[in-house]
Amino acid sequence: MKLVPLHVIAAAIALVSGFIALYAFKGRTLHRKSGTLFAYAMLVMSLSGAVMAVGRASAAINIPVAYLVITSLATVRPPSSRSRRLDRTAMVAAFAFGAGSLLVAISGGARGRTAFPLVMLGVLALFAGEGDRRMMRAGGLKGAARLRRHLWRMCTALFVAAGSFFLGPVRRIPEPLRLPAFRLIPLVVLVTMVYWLWRYRRKRSSQNVIGASPTEAHAERERRLVGTSEAI
């Protein structure tokens, strides 16, 4: 119980900073600082939640959140031997968690409200782990693909945090925030994520450079990519 205040404070900071980062101009100071604060707050929230739930299946629900945040941060950091080791470790952890979660849920080890989120997060972990494998096999990601990976992982972590708070037991929610409209906040995160994933789709940068030389096409793609990232 000593970790409860830390868990709650970290969750509140994560929600506020996460939404600031989601709608701030990408690449600017506000986005970088709020995104970094969100990442660290999410790590504190998820790890403290896992410690408080040791011995219960619900403890595992916090693990993929930390995984998504860590790998999302690593995606936008310069590649190095350390980051490649992190990618391999994260991939193995994702596959292990995904398979283990599904096994626990199917075998009846998780019951009630825990079973469904455990299955969903297990499937998500397997999907993300496969993304890790494909990324490493390709030798890394560049351009829009790199930004999409960072975007969907951060947004998914924010969605989990917002859903746990606004869609969880009513007793967790302060009285002023119990209006039905606030329950739509997790949906807002998903809609925003889908919109920007669509904007970053692979075809976008190639459709407008037909007929240009390879050098011109590359320059145009880079210019458009930078312009789009600053406008998010």
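By the salt bridge (Lys or Arg N to Asp or Glu O under 4.0 Å) test, Asp132 pairs with Arg149, Arg153, sequence neighbours left out. Listed by chain and residue number, Thr75, Val76, Leu141 satisfy the side-chain contact (heavy atoms from CB on, under 4.5 Å) test with Arg146 (two or more places apart in sequence, or in another chain). Ala93 pairs by the side-chain contact (heavy atoms from CB on, under 4.5 Å) definition with nothing, not counting sequence neighbours. Evaluation of the ring pair (Phe, Tyr, Trp, His ring centres under 6.0 Å) rule for Phe127 yields Trp152 as partners, not counting sequence neighbours. Listed by chain and number, the residues in a side-chain hydrogen bond (donor to acceptor under 3.5 Å, both in side chains) with Ser48 are His7 (sequence neighbours excluded). For Thr192, the side-chain hydrogen bond (donor to acceptor under 3.5 Å, both in side chains) partners are Tyr23, not counting sequence neighbours. Residues forming a side-chain contact (heavy atoms from CB on, under 4.5 Å) with Phe97 (at least two apart in sequence, or on another chain): Ala60, Ile63, Pro64, Ser101, Leu121, Ala125. Residues satisfying the side-chain hydrogen bond (donor to acceptor under 3.5 Å, both in side chains) criterion with Ser72, sequence neighbours excluded, are His150. Qualifying side-chain hydrogen bond (donor to acceptor under 3.5 Å, both in side chains) partners for Tyr40, counting only residues two or more places apart in sequence or in other chains: none. Here Arg134 pairs with nothing under the salt bridge (Lys or Arg N to Asp or Glu O under 4.0 Å) rule; sequence neighbours left out. With sequence neighbours excluded, the residues forming a side-chain contact (heavy atoms from CB on, under 4.5 Å) with Arg133 are Met91, Glu130, Arg137, listed by chain and number.
Judged by distance alone, the side chain of Ser34 and the main-chain N or O of Leu30 form a donor-acceptor pair under 3.5 Å. Put simply, the side chain of Lys33 never gets that close to the backbone of Arg28: no donor and acceptor are under 3.5 Å apart.
Within the model, atoms OH of Tyr200 and CH2 of Trp198 stand 13.0 Å from one another, a figure rounded to the nearest 0.5 Å. Rounding to the nearest 0.5 Å places CD1 of Ile13 at 12.5 Å from CZ of Phe38. Leu151 CG to Tyr195 OH: the interatomic distance, rounded to the nearest 0.5 Å, is 12.0 Å. Interatomic distance, Thr156 OG1 to Leu190 CG, rounded to the nearest 0.5 Å: 7.5 Å. Taking OG from Ser81 and CG from Leu86, the interatomic distance works out to 11.5 Å, rounded to the nearest 0.5 Å. Here the OG atom belonging to Ser164 is positioned 8.0 Å from the CG atom belonging to Asn62, to the nearest 0.5 angstrom.
Annotation: salt bridge (charged side-chain N to carboxylate O under 4.0 Å, His left out) contacts involving residues 68-85, sequence neighbours excluded, are absent.
For the residue pair Ala94 and Gly129, the shortest heavy atom distance occurs at CB-CA, 3.8 Å. The minimum heavy-atom distance between Ala157 and Met42, with the atom names listed, is O-CE, 3.4 Å. The shortest heavy-atom contact between Leu102 and Val119 is CD2-O, 3.8 Å.
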Do Leu126 and Phe95 pass the side chain to side chain contact (heavy atoms under 4.5 Å, CB included) test, and can you show the C-alpha distance, the side-chain angles, and the key distance before you say yes or no? CA-CA 5 Å; Leu126 292 177; Phe95 281 134; 3.9 Å; yes
Does the side chain to side chain contact (heavy atoms under 4.5 Å, CB included) test come out yes or no for Leu187 and Phe159, once each step is laid out? CA-CA 8 Å; Leu187 178 62; Phe159 168 75; over 6 Å; no
After noting the C-alpha distance and the side-chain angles of Trp196 and Leu147, does the key distance pass the side chain to side chain contact (heavy atoms under 4.5 Å, CB included) rule? CA-CA 10 Å; Trp196 286 113; Leu147 295 175; over 6 Å; no
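Within the 4.5 Å cutoff, side-chain heavy atoms of Ile185 are placed close to those of Phe182. Within the 4.5 Å cutoff, the side chain of Leu68 has heavy atoms near those of the Leu124 side chain. Looking at Val104 and Leu118, their side chains come closer than 4.5 Å, going by heavy atoms from C-beta outward.
The number of heavy-atom neighbours closer than 6.0 Å to CE of Met120, taken from other residues, nucleotides and ligands shown, is 12 or below.
A continuous path of ILVMFWY side-chain contacts below 4.5 Å connects Leu197 to Met154, so both sit in one hydrophobic cluster.
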